[in-house]
Amino acid sequence: MMEGCEYAISNAEAFAEKLSRELQVLDGANIQSIMASEKQVNILMKLLDEALKEVDQIELKLSSYEEMLQSVKEQMDQISESNHLIHLSNTNNVKLLSEIEFLVNHMDLAKGHIKALQEGDLASSRGIEACTNAADALLQCMNVALRPGHDMLLAVKQQQQRFSDLRELFARRLASHLNNVFVQQFTQALLQLYNRSYFLSVPGHDQSSTLAQHSIELTLPNHHPFHRDLLRYAKLMEWLKSTDYGKYEGLTKNYMDYLSRLYEREIKDFFEVAKIKMTGTTKESKKFATLPRKESAVKQETESLHGSSGKLTGSTSSLNKLSVQSSGNRRSQSSSLLDMGNMSASDLDVADRTKFDKIFEQVLSELEPLCLAEQDFISKFFKLQQHQSIPGTMAEAEDLDGGTLSRQHNCGTPLPVSSEKDMIRQMMIKIFRCIEPELNNLIALGDKIDSFNSLYMLVKMSHHVWTAQNVDPASFLSTTLGNVLVTVKRNFDKCISNQIRQMEEVKISKKSKVGILPFVAEFEEFAGLAESIFKNAERRGDLDKAYTKLIRGVFVNVEKVANESQKTPRDVVMMENFHHIFATLSRLKISCLEAEKKDAKQKYTDHLQSYVIYSLGQPLEKLNHFFEGVEARVAQGIREEEVSYQLAFNKQELRKVIKEYPGKEVKKGLDNLYKKVDKHLCEEENLLQVVWHSMQDEFIRQYKHFEGLIARCYPGSGVTMEFTIQDILDYCSSIAQSH
């Protein structure tokens with residue numbers, strides 16, 4: 001349009017006028033069009049009116065429908081709510097059923113179990129198994145993990161009370177039965193002991209042969225049958241421990257009371273037999289004279305363990321009285337053995353000591369398995385484990401959340417693992433309280449019989465302690481043997497100290513020759529015995545320390561005695577005894593005494609030489625004085641070949657002196673010397689020929705010295721001795737053979 005009106009800009013008025021004309025044309029056209037469509041509009045309006053009527057009718061129908069649907073909605077809401085309630089009820093019923101099933105399944109004890117707990121046979125294996133299963137089931141029921149609210153249910157409370165009553169009833173039955181088993185076993189063991197004692201004390205019986213036959217088997221009674229019978233109740237003891245610790249503790253105490261008295265009797269009898277075998281005593285009539293007769297003794301024992309009604313009283317006062325009576329009898333029986341006087345070690349040969357060693361080893365070998373078996377039984381029967389509890393129904397029961405019901409009725413609290421170890425040790429100490437004193441008494445007797453027995457005991461005891469400590473350093477056996485080892489070591493040290501004291505206190509006769517000193521011979525005996533005993537022993541260090549102390553004492557006191565000797569020359573005492581010491585150390589090859597062996601050899605050699613020189617002296621005394629003068633002149637500066645021109649030492653004086661020592665006189669002097677040496681030396685060391693040979697060598701050395709002086713100072717004089725070296729050898733040989 002703008003392009004068609006190029007003048008619009010230059011002639012705006014004309015452009016506006018044109019637009020106005022066109023607008024009027026368009027308005028007219030519109031009006032004509034409207035006027036032409038009026039009929040159609042009327043038709044449209046009519047249709048609209050009819051449509052409105054239809055709409056009103058539809059609204060009326062919809063209103064009626066809405067009213068109808070409103071009632072249906074209310075009904076559906078009611079149905080929905082009813083369905084929800086039904087679903088909730090069903091859910092609750094399912095949960096209730098689940099709770100009821102849980103309570104029934106976990107808190108319902110079978111009639112068979114109830115009957116077993118109330119009247120089950122605790123003596124038979126089948127009855128014990130039934131009671132064990134019932135007790136296990138009861139513990140499961142009592143320790144069930146109840147859900148919140150269960151403990152408020154009356155039925156649950158009633159069932160719990162019923163379980164508690166059953167537990168109390170069965171715990172009483174079990175404790176009473178086990179106490180009766182303890183008493184029966186104790187009585188049976190006593191009967192066996194009295195049977196043996198009664199047999200030995202029958203009038204007219206050959207007691208010596210009986211005791212000899214009995215003592216061949218130095219053994220302790222075997223308690224394995226008793227342990228086997230009681231271990232059938234181990235699971236029930238575990239149940240009792242977890243449900244009623246008070247009764248469990250009471251059973252533990254009663255067991256210790258019975259067993260301590262039984263073991264005390266058995267062990268004391270065992271040690272009495274060992275003492276008799278050690279000493280060789282055969283006075284059994286005195287030993288068994290005070291024992292009561294079999295029937296009355298057993299009756300007295302059993303009556304003391306039961307009340308007037310024949311049931312267990314639970315008191316151990318009668319056992320205490322019984323123990324006092326028996327210990328009094330045993331003290332009177334063993335007094336004769338301990339009152340024996342000391343026996344000299346020289347009266348006992350190797351066979352005696354070997355016998356003692358075997359007896360002592362047998363004693364230890366019998367005690368060890370006895371203690372280990374009892375400790376193992378205590379651990380298994382009383383459920384006192386060395387390590388964490390073994391998993392199981394009963395062991396795990398107390399860890400459950402519902403376990404408070406059973407725990408709150410307990411009379412005590414079960415011990416932790418470390419305390420259980422201590423409890424085992426304390427039980428063993430009480431049961432075997434007599435072992436340590438009896439071992440100490442036996443050790444004292446062995447030491448009294450022969451102090452050298454401490455060597456055997458030290459080696460044997462050390463080995464057994466080492467073995468026990470490898471198994472369990474803190475066990476009763478290891479601790480007890482360790483304590484006894486201290487006593488043995490103390491006796492060993494005392495034996496060494498006594499030997500040194502005896503060396504210091506030794507007195508020698510002033511009228512007889514000394515010879516080999518007693519303590520030197522005893523050292524040889526001690527060393528020979530010790531080397532055979534301590535071969536491959538664990539405590540070799542103790543022996544080496546003892547050797548050092550002893551050899552030092554021997555050296556010091558040999559010299560002390562030699563200095564005090566009046567009859568025998570000091571050099572002889574030193575020579576003979578140090579030769580004996582050297583021979584002993586060379587034969588035994590004791591590595592820790594190598595330095596002392598060399599020292600002994602040196603002392604022997606030095607004193608042999610000293611004695612030879614001292615005893616031989618100057619066999620050609622005048623000739624010796626003559627040549628001493630010659631040597632003095634040479635020392636003053638005179639030449640050796642000019643000595644013969646001295647008046648006092650000329651050839652004539654030399655010949656005169658030599659003539660005074662013909663072969664006959666020399667042989668006579670040597671014969672007297674041999675007799676003198678023979679009187680000084682002792683026969684047992686057999687050094688006469690050694691000394692005589694040394695004297696022969698010394699005499700020949702002096703002879704050669706004189707000949708040398710003659711050759712140098714009197715050359716070409718033709719002066720010679722009236723006997724030769726061969727003559728000296730013949731004289732010495734003839735003298736030695738003639739004696």
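On a predicted model such as this, the values are computed, not experimentally measured, just so you know. When reading the values below, keep in mind they use all heavy atoms of this one structure, side chains included, and skip hydrogens, waters and symmetry mates.
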So how far is it from [X] [atom1] to [Y] [atom2], rounded to the nearest 0.5 Å?
X: R162; Y: C141; atom1: CZ; atom2: SG; value: 10.5 Å
X: N491; Y: L455; atom1: CG; atom2: CG; value: 11.5 Å
X: L259; Y: N254; atom1: CG; atom2: CG; value: 11.0 Å
X: N453; Y: K460; atom1: CG; atom2: NZ; value: 12.5 Å
X: L481; Y: E368; atom1: CG; atom2: CD; value: 6.0 Å
X: L169; Y: E119; atom1: CG; atom2: CD; value: 10.0 Å

Return yes if some donor-acceptor pair links the side-chain N/O of [X] with the main-chain N/O of [Y] below 3.5 Å, else return no.
X: N133; Y: E129; result: yes
X: R433; Y: S260; result: no
X: R261; Y: D257; result: yes
X: S242; Y: E238; result: yes
X: T487; Y: N440; result: no
X: Y456; Y: E361; result: no
X: S164; Y: Q160; result: no
X: S379; Y: D376; result: no
X: S176; Y: R173; result: no
X: N179; Y: A175; result: yes

Please work out which of the three classes, parallel, tilted or perpendicular, describes the rings of [Y] and [X], given edges at 30° and 60°.
X: F377; Y: F382; answer: perpendicular
X: F182; Y: Y258; answer: perpendicular
X: F226; Y: H223; answer: perpendicular

State whether [X] and [Y] are salt-bridged, where the test is any N-O pair (Lys NZ or Arg NE/NH1/NH2 against Asp/Glu carboxylate O) under 4.0 Å.
X: R490; Y: D493; result: no
X: K241; Y: E420; result: yes
X: K268; Y: E264; result: yes

State, without any angle test, whether N470 and T467 hold a side-chain donor-acceptor pair at a distance under 3.5 Å. no
Are the side chains of [X] and [Y] in touch, meaning some heavy atoms are under 4.5 Å apart?
X: N441; Y: F271; answer: no
X: Q375; Y: L477; answer: no
X: L138; Y: F170; answer: no
X: L109; Y: L117; answer: yes
X: K380; Y: H227; answer: no
X: Y245; Y: L240; answer: no
X: I435; Y: Y263; answer: no
X: I429; Y: F476; answer: yes

Testing the basics here: between [X] and [Y], what is the closest heavy-atom pair and its distance to 0.1 Å?
X: L230; Y: F381; value: O-CE1, 3.0 Å
X: P473; Y: T479; value: O-OG1, 4.5 Å
X: A468; Y: S478; value: CB-CA, 3.9 Å
X: H177; Y: L122; value: NE2-O, 2.9 Å
X: L262; Y: A189; value: CD1-CB, 3.4 Å
X: F492; Y: D542; value: CE2-O, 3.9 Å

May I ask you to check whether over 12 heavy atoms, not counting those of K430, lie within 6.0 Å of atom NZ? yes
Test L97 against N93 for side-chain contact (heavy atoms from CB on, under 4.5 Å), laying out the working first. CA-CA 6 Å; L97 179 61; N93 289 335; over 6 Å; no
Verify side-chain contact (heavy atoms from CB on, under 4.5 Å) between I533 and L458, making sure each step is shown before the conclusion. CA-CA 10 Å; I533 295 173; L458 181 61; over 6 Å; no
Check side-chain contact (heavy atoms from CB on, under 4.5 Å) between N83 and all other residues, then give those that pass, not counting sequence neighbours. I79, I86
Side chain to side chain donor-acceptor pair (under 3.5 Å) involving E366 - partner list, sequence neighbours excluded: Q362
Before you tell me yes or no, could you show the steps for L218 and F270 under side-chain contact (heavy atoms from CB on, under 4.5 Å), namely the whole-Å CA-CA distance, both residues' side-chain angles and the distance that decides it to 0.1 Å? CA-CA 7 Å; L218 182 61; F270 174 72; 3.6 Å; yes
Quick one, Q426 with D422, criterion side chain to side chain donor-acceptor pair (under 3.5 Å). Give me CA distance, side-chain angles, the key distance, then yes/no. CA-CA 6 Å; Q426 292 302 319; D422 294 335; over 6 Å; no
Would N92 and S89 count as a side chain to side chain donor-acceptor pair (under 3.5 Å) here? Give the steps. CA-CA 5 Å; N92 290 338; S89 176; over 6 Å; no
Evaluate the side-chain contact (heavy atoms from CB on, under 4.5 Å) criterion for residues W239 and T132: first the C-alpha distance (whole Å), next the side-chain angles of each, then the deciding distance (0.1 Å), finally the verdict. CA-CA 8 Å; W239 176 86; T132 302; over 6 Å; no
